[in-house]
Amino acid sequence: MLDKRYDPKKVEEGKYEFWKKEGYFTAGDLSKEPFTMVIPPPNVTGKLHLGHAWNTTVQDITARYKKLTGYDVLWLPGMDHAGIATQAKVEEKLRKEGVSRYDLGREGFLAKAWEWKVEYAKNIHEQWAKMGLALDYTRERFTLDERLSNAVKHVFKTLYDKGLIYRGERIINYDPELRTALSNIEVVYEDTKGKFYYFRYPIVGSNEYLIVATTRPETMFGDVAVFVNPNDKRYKHLIGKKVINPANEEPLPIMGDEYVDIEFGTGAMKCTPAHDPNDFALSEKYNLPRIKCMDLDAKMNDICGPFKGMDRYECREKLVEKITKDGRTEKIEDIVHPVGHSERSGTVVEPYLSKQWFVRMRPLAEQALAKSTVNFVPERFNHTFRQWMENVDDWCISRQLWWGHRIPAYYNKLTGEVLVSEEEIKDPNYVQDEDVLDTWFSSALWPFATLGWPEKTPDFKRYFPNSLLVTAYDIIFFWVSRMIFDSLEFTGESPFKDCLIHGLIRDSQGRKMSKSLGNGIDPLDVIDKYGVDALRYFLTTGSAPGQDIRYIDEKVAASSNYLNKIWNSARYVLDVIGEDFKRVTIDFNKVKPVEKDILSKLNKTIKVVKAAMEKYEYSLASTHLYNFVYDDFCSSYLEMSKVTLQGDDEEYKGIVKTILVDILKNIIIMIYPFAPFIGEELYQALPEHKKSIMLETYPEVKALKLSKEDENDLENVEMLYKMIQDIRNYKVSNKLAPNYKLRFIIETSNKLFDEFSVYLGRFSFAKELLIASKASSKGIKYVYNNATLFIEDDISDEEKEAKKAKDIAFLEAEIKRGEMMLNNPNFVSKAPKEKVDLERKKLEDNKAKLAQIK
RNA sequence: GGGCACUUAGCUCAGUUGGGAGAGCGUUUCCUUCACACGGAAGAGGUCACAGGUUCGAUCCCUGUAGCGCCCACCA
């Protein structure tokens, strides 16, 4: 006997260990078709949040569903070393201990980082277990594994040899706090309050000034020219002359280029090639020098005179003071403008001239655009992907960090010759590049490198390309697109068939969850409160694909209540069938109408649920199942079945019991991918079961051929339910207790009512229930298709008239609607025949009903 | 500047081949009857943002408008 209340903690106990121990998560059944997913590897930086919970639940539902529908499912787990993020965390920890990474040196620091990794990997494993994820741990990978490392080197070398990786001096985004270069997408632009400084640049050989505006005065030490638009009548004559840089009194040429926007600022722009990408482009065009005025820690360098050694912001302040004192400040405006911040450290990114490694994106992007067969779900994200690919810049992949894949490039100390090699070069004349690769360089190989590529391993041959990748939309640029172009370049195939995109999880007010707001929710707290199944159900239902969701505590509670409903319906069914349950054969054509009805509804439910599951429409699938569980099963059929079970038809009881168990089993299996713990628990409680629900097969849609009589029976069952509802409604609206005994008369020639009267008797608490082929009664009248119900009580004429008027009005409106449609020749000729027939029947029925009422 | 979503019951949201709109929570009335009071029964509550168009028929398709949000983009 099950407990009265579903207790998640008790239900969850031991199940994950059981599944794991039995090897149910391990792929390799060669008799089946493979279905592969790789987990988006979480960063080994900390705890998993609700976003991870959502992402992994979607995958777990898929894995469990696919397994039950006959696939050899491989869901490969792993984690990401997350170069910048992890290094920043480890450094922060060291800082608290009063140590810097430079104190430890590269080797020492890496040892600390690995310690960190081991600790956090343990956390992550525990959380995966809590979530119940069906991961194949025998194939777990880490992005910094040696195997992955070999793939990384191979890719680097190959791209280098093809000229698709190059080393060059360009303006990159520099994070002065973490002291590393960043790629373009690691820069987040935020509208930031700043100032627009207008300075007077004295024109050489004249008493006039040229007013130049800038937001970053500290970069003036790196200025090499002032540009104006040659079409600008105000300044045209100045081109070729010189101005004095108010920061350092150096002369600067005034040059003309149409790049300059006449309308913006003063129409005169300072040019700082070493600190601005656009200015860098101008320097290429006009062969201008590139002067750096900052060091790698964003402090002013040697050329800045008295400002040397100052932080960039301190310098800005002091320099403005100086220029103002010199009488060369025209004005200072407050402005709000987009400023790039480091995604990881939050620091303002400094565009900085630096020698870095880049991936030449154009050829890879074009190939990806031409050959990708990835099917995005929802489809619109394909557009997002393509658009980014069409506009992508070269990818800066070198990072001045230690935690990561070291760049396999070696420099000859004497000649400076560059050697890129997969094998370590031990020649003392060569030194390896100090930098490591962007984390995403290795994550991009995840779908195939985890399977053993570049070796042609059995796993690679069998499980690649992957079937599905599940991720949030914010990661399309970082990861999805890069997997696609690398996969096409190196395997010749798209990395996965489908790419399911979900949204982000927000707090109850729709705000992003963040540390600074303190509005983050720990999945473990939710699990503790409501159970993991309730959390999983909440995360994957009630939302549309690709949309964000809000975390709402009450909704998780509601999910838990739903699971409790299933639990209790199971409790009832198991109780009622008894210990000695014996299955009997069910012949659909021989069961009573209410059984026919529920079996037919179950079949329809399996059909729509399955169709939705196949399309990864988990929210829709759960809705269909929910409606079946609540309305069709619990509220309707379960109650009906009590009539038989409490009666004395022993033979038919056996049929009803078998049907109840079958329905229950189907419900359990369909809810199981969403709620695997309660699914397994209830499954184990069934009278007939395998060792685990994981060995079950998903319900099949039966080919029920409904005869005309069957259809008729189903229609009559609907009427029965409606009649019960009408009677209950009558009682409530007349303030009668539900068990108040009334007298009912049903006028009908419908033979089924001999059977239905039993049900009606039970649910209406009839004082007396008469079935007659012809009745005359003064009771209140409810008209159905081939029956009329009279409820007799001390019913006033007023009441009866009111009800009659209401019914007549309703029917007349319906008839009018039907007639309008059917009198429209276009409707009759153009609408589908079934629809027209349906409307005809409705109209006839309504007319008959109206005649009955009047 | 370009792109993408969203606007449906008081609140949070579903609604997939266009054919009288649903759920959860809240709310009203009633019910501790033998699965479940973390429950049950019966209700109330919606010109599906607005304006056009296509169609026999539009919450759904098309165009435009408004509001809100996200992503991308070098305006110093």
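Chain identifiers are assigned alphabetically (A, B, ...) following the order of the sequence lines, protein sequences preceding nucleic acid strands; residue numbering begins at 1 within each chain. Here the structure is a predicted model, which is why all the values come from computation and not from measurement.
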**Study point:** Base-pair map of RNA chain B as dot-bracket, where | denotes pairing with a different strand and pairs are Watson-Crick or G-U under 3.5 Å
**Key:** ((((.((..((((.....[..)))).(((((.......))))).....(((((..]....))))))).))))....

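- Contact annotation: side chain of A:Tyr259 to base of B:C74, donor-acceptor pair present below 3.5 Å.
- The main-chain N or O of A:Tyr630 is found under 3.5 Å from a side-chain atom of A:Ser635 such that the two form a donor-acceptor pair.
- At a cut-off of 3.5 angstrom, counting only N and O atoms as typed in the model, there is no donor on one side facing an acceptor on the other between the side-chain of A:Glu554 and the base of B:U12.
- Here the side chain of A:Asp276 pairs a donor or acceptor atom with the backbone of A:Asp279 at under 3.5 angstrom.
- Ring centroid separation for the pair A:Phe477 and A:Phe385 does not come in under the 6.0 Å cut-off.
- How far CG of A:Leu539 is from CD1 of A:Ile505: 5.0 Å, rounded to the nearest 0.5 Å.
- Both A:Ser543 and A:Asp393 lie near RNA chain B, and the one whose nearest nucleotide falls closer to the 5' end is A:Ser543.
- The number of heavy atoms from other shown groups lying within 6.0 Å of NZ (A:Lys653) is above 12.
- Ring-centre distance between A:Phe744 and A:Tyr782: not below the 6.0 Å cut-off.
- If you check distances only, the side chain of A:Lys4 never reaches the base of B:C36 with a donor-acceptor pair under 3.5 Å.
- Under the 6.0 Å cut-off for aromatic ring centres, A:Tyr626 and A:Tyr562 qualify, their centroids lying closer than that.
- Contacts of A:Ala831 with the nucleic acid, taken as non-hydrogen atoms under 4.0 Å apart, include base atoms.
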**Study point:** Under 4.0 Å protein heavy-atom contacts per nucleotide of nucleotides 3-11 of chain B, with B for base, S for backbone only and - for none
**Key:** SSSS-----

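- Only the P atoms considered, B:U59 is 14 Å distant from B:G52, to the nearest whole Å.
- Contacts of A:Phe477 with the nucleic acid, taken as non-hydrogen atoms under 4.0 Å apart, involve only primed sugar atoms and P, OP1 or OP2.
- Within residues 721-730 of chain A, the residues having any heavy atom under 4.0 Å from RNA chain B are, by residue number, A:Gln725, A:Arg728, A:Asn729.
- Under 4.0 Å is where a charged nitrogen must lie from a carboxylate oxygen, and between A:Glu819 and A:Lys816 no such pair does.
- Between A:Tyr174 and A:Tyr352, the ring centre distance stays below 6.0 Å.
- Of the two residues near RNA chain B, A:Ser569 and A:Ser508, the one whose nearest nucleotide lies more 5' is A:Ser508.
- Residues A:Asp837 and A:Lys833 are paired through a salt bridge, judged by an N-O separation under 4.0 Å between the basic side chain and the carboxylate.
- When heavy atoms are screened at a 4.0 angstrom cut-off, A:Asn824 is found touching the sugar-phosphate backbone but no base atom.
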